[in-house]
Each structure stands twice: as structure tokens, then as C-alpha cells.
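Beneath this line is the structure, given in C-alpha cells, with notes to follow.
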Number of protein chains: 2
Amino acid sequence: MSMGPKQAILAEFAGVARALGHAHRLELLEHLGQGERGVDALATRVGLSLANASQHLQQLRRAGLVANRRDGKFIYYRLADDGVTDLLTALRHQAERNLAEVDRIRRGYFADRDSFEPVSREDLLERVGAGLVTVLDVRPQDEFGQGHLPGAVNIPLDELQDRLAELDPGREVIAYCRGAYCVFAFEAVAALRAQGRKARRLVDGFPEWKAAGLPVTACRCRF
Amino acid sequence: MSMGPKQAILAEFAGVARALGHAHRLELLEHLGQGERGVDALATRVGLSLANASQHLQQLRRAGLVANRRDGKFIYYRLADDGVTDLLTALRHQAERNLAEVDRIRRGYFADRDSFEPVSREDLLERVGAGLVTVLDVRPQDEFGQGHLPGAVNIPLDELQDRLAELDPGREVIAYCRGAYCVFAFEAVAALRAQGRKARRLVDGFPEWKAAGLPVTACRCRF
DNA sequence: TTTACAATCAAGTGATCTATTGATTGAAGT
DNA sequence: ACTTCAATCAATAGATCACTTGATTGTAAA
């Protein structure tokens, strides 16, 4: 059964969409947005069996959303390009706009942790330029190492209470983490405010910053 | 089996993506991008049984991508908002960038009909403002009636040969149709060039023009 | 070569999705 | 009320997908 060129192309598009059509794959993509990773690391973080993660990753690869490379006996996956983050952002915006269910979950879990508006990327750039704020990266150390905002301080969320002294009490803190639905930044802002600090959250997260073409500091300590 | 807030939200996102994950639904969305339509009209155009089209449309509605209204015994579907077109555009761009298969089909069927670059929306606006070009809408009459570019002339593709006289031979023609993979505009440009006319194609199509926030002329002859 | 380990492949089961069929609902007209 | 027709619903069979298990491939080190 053959079909016209349009049907064939639409079927390809549908294949890409179907690749995004599973929560586990979206979570894998979120992690890959932080930087490239081995299969085992991804499987552990997302809570999948190795074989299952491998198969999901291959599905993403077939759809052209991720690429991989071999280094020794490890295979590292990465996003195919920054456009993937854009597509994910478009998907998120669409879902936020028209799905009551998303809004309900957001309110229940996130809204009360976010009484203030998030800071836009443009605002953050401006304030950093003026030396007014401390940028705080609350992701795990290895993700920070794979790339982070210029001048950001890395204090993973679970160490924040013990390392409060590293943050100048007089400066506002702007925290960020993996993305729009990563709870780390929400929690960090809440924790800092509980200590009487001035703290806000960067809109979205690291992958969106990078996809917007803004400067990123990469650590050269790998390899 | 419960899951955290992030998993719940990602599952919702995945639901939206899965709704895009079928060629028939993408084609339905393409048609809905031209304006609202009844179920039967959509089913006919896409070549689906009525029940099948209805079920696909309901799937799109559950995902928040389309909305509907009842008028008498007809039910008219429409895109939920212009953001849907943006999401479809993002999906198309991603697929075009990283899927060799799409490129292969494009080259085979479209490339040789498109030896010249398409005209951007900005260029078209400028040239229309300067009165330099004729804008040609080659979609069927009813789609033209539901909304079209300001000042566009409507000659459906199958009538083009007979109605060539309506186009000023001295002016360049810029043709458009439903979208990036609608063949009408390609065919029209090829036909006009075969007659020795100057003709080019607008990039993308009508829904993308509208989603870009550019002016649209709607016909008030419905209802 | 042998061992070890990362990752993939292969096969099987249960779940979900697609398209068809025929019945049903809802609004208009007779 | 009865008929008509648009659209949806319900039930089904076939196809595809998700996850597990166990075997296999590919690379590095002993």
C-alpha cells in the first residue's frame, strides 16, 4: 500500500511526535538536555532497567531526536541539536495553555512554592552584568560540570543547608536547575527565603538557556 | 501506582505528543489550519470513514489541540489556538533537520518543482505594499472563503489553466496554499513558469501566515 | 585468550492503539 | 410522533508498543 508524498512525510512527522509520546522518553530528553550521558547513568536517573532505557534511547535516535557516540566501552547519548529543546518547549507551552490537567497538577505541587514571578533570561543577563545577583545552580555536581550559566555557583540542593555561608547574604540569589518542571530550583528558593534571604527562580532551566543561544560555561575536566 | 508531580506532568505532555503521532491526525490538523470544518467535510478530504475521523478528532480534542462547537446538527471543529500551528511548525522543522528520510522524500517529490527559493513572509508583505506582485491563493474556493491573505486572488489549481487571463502577465505571481507540504503551490508555480510567467512560492502556507500574526482577510459570507 | 562489563539484541507477554461495524444520541424538518 | 441525517458511542479484531528476561556483541583490561 503506497501513499502520496504528503502522506509519507506526515507519517515521518508522526514518527517524531510518537517518539515524544512517552513520559519516560521525555524524562530521558530532559536529562540529555543537561549534557551527554551514558546509558547506565540515564537508566539509573530515570529509574528504568538498562535494557528498557536502551530501547527508549534507540527509539529517540530513530526519530532523529538524539545522537550517540562510542567512547571505549561506553556509549554516550546527547540531544541531536538545540532544536530538540525548542520542540520540547513548544510542546510544553501547548500543553500548559490548553490542558486543564496540567494546570491542576501545577497548582497543587508548584504554585505555592512560587509566589513570586520567575526571572526572565534577559533580566538575569542584565542583573549579572550589573553585578547585582548571585546565580545559583542547584543541580548535581556532574551536571553542573557538563555546562552551566557563566559565573554560576554550584550547590546541589541537598547540600544547600550546610553551605549557606558560601552565599553573600546581601545579594539576591537567582536559582535554576534542569528545566521548567525540575523541583530543585523551587525548593532552593523556598529554603533560602525561609532563611530570610532574597531569592528568586530563573524561568525554565539550563537547556532552555542554552537553546536560546545564551553563553554557557563548559568544564574542560572531562576526558 | 502513583507518581510524582513531574512524572504526572510529563505524562500529560506525552499525551499531547501522542495525539500528534499519527499521519491522519496531522492531516486533519493541516485542514483545520485553514479554518473550522464539519466532521463529514474533514473525513471526506482526508479520506477517512466518518466514525474514524470522528474518533481521531476526539483524540485531538482530549489533547487540547482542537475545540469544537455545535451549530444545529453539525459540529464544527477548529484549532484550539494559533499555538498549535507553532507546535506543528516546530515538529516539522525538527523532522526536516534530522530525518534523512524526510529529506529523501522532499528531494524526490518537491525539490525539482522548486528550483527557486520560496519568498519569505516579510518579503511578500514588502512587495505587496509596493504593488509589485500578484498574490495567488490556489486552494479550493471554500478554504479561500474562510480566510486568506489580504489582496490575494483565488484560482484553485485545477482551474488555473483556464483562468490564466485573470493574471496580469507583467507582474510576478507569488502562490501559496495550505502549508509547507501542500503540493498546490508547487504545481501552480511550475504551471505558470511553463507559460513563461514569473512565479514563485510563499514559504509555508496560510496557517503559518496567520499564526505569525500577519493580517488575514476573512469572508463574512458564512452563516 | 580469558575475563569483565557496557550496551544491544531477541523473544515473549500484557497493554494500548487503529479502523471497522452497527447501534445510539441529538437536532431539524414533516 | 416520525423521519432524516450528523455525529458519537460501543464492541471487535488486528496491529503496534512497553517492559522483562536471557543471550549476544563489542571493547578494555588481566
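So that the names make sense, note that chain A is the first sequence line, chain B the second, and so on, each numbered from 1. This is a predicted model, so every value here is computed, not measured.
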Nearest of [options] to any side-chain atom of [X]?
X        : options                  : value
Ala51(A) : dC9(C), dA7(D), dC5(C)   : dC9(C)
Arg18(B) : dT20(C), dA7(D), dC17(C) : dC17(C)
Gln59(A) : dA18(D), dT18(C), dT4(D) : dA18(D)
Asn68(B) : dT8(D), dC17(C), dG22(D) : dT8(D)
Tyr77(A) : dT8(C), dT8(D), dA19(C)  : dT8(C)
Val39(A) : dA7(C), dA28(C), dC19(D) : dA7(C)
Phe74(B) : dA18(D), dA6(D), dT18(C) : dA6(D)

Open item on the list: Within the 3.5 Å criterion, strictly below it, is a donor on Arg97(A) or Gln94(A) matched to an acceptor on the partner's side chain?
Closed with: yes
I'd like to know if [X] pairs up with [Y] as an ion pair, taking the criterion as any Lys NZ or Arg NE/NH1/NH2 lying under 4.0 Å from an Asp or Glu carboxylate oxygen.
X         : Y         : value
Arg25(A)  : Glu30(A)  : no
Arg69(B)  : Glu36(B)  : yes
Arg200(A) : Glu117(A) : no
Glu208(A) : Arg121(A) : no

Separation of atom [atom1] in [X] from atom [atom2] in [N], rounded to whole Å:
X        : N       : atom1 : atom2 : answer
Lys73(A) : dA28(D) : NZ    : P     : 9 Å
Leu60(B) : dA7(D)  : CG    : C1'   : 16 Å
His22(A) : dC17(C) : NE2   : P     : 10 Å
Asp71(A) : dG26(D) : CG    : C1'   : 14 Å
Leu28(B) : dA19(C) : CG    : P     : 11 Å
His56(A) : dC9(C)  : NE2   : C1'   : 16 Å
Leu50(B) : dT21(C) : CG    : P     : 13 Å
Asn52(B) : dA19(C) : CG    : C1'   : 5 Å

Phosphate-side-chain proximity, [X] and [N], N/O vs OP1/OP2 below 4.0 Å:
X        : N       : value
Gln58(A) : dA7(C)  : no
Ser49(A) : dC19(D) : no
Ser54(A) : dT8(C)  : yes
His24(A) : dC19(D) : yes

TODO: Using only heavy-atom distances, decide whether a donor-acceptor pair under 3.5 angstrom links the side-chain of Gln55(B) to the base of dA7(D).
DONE: no
Open item on the list: Under 4.0 Å, counting only non-hydrogen atoms across every strand here, what does Leu48(B) touch: a base, just sugar-phosphate, or nothing?
Closed with: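 Counting heavy atoms under 4.0 Å across all strands, no contact is made by Leu48(B).
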TODO: Check every strand shown and say whether Arg61(B) touches a base, only sugar-phosphate, or nothing at a heavy-atom separation below 4.0 Å.
DONE: nothing
- [ ] Is it possible for you to check whether Arg139(B) lies under 6.0 Å from the centre of the six-membered ring of Phe206(B), through NZ or CZ, and within 45° of that ring's axis?
- [x] yes
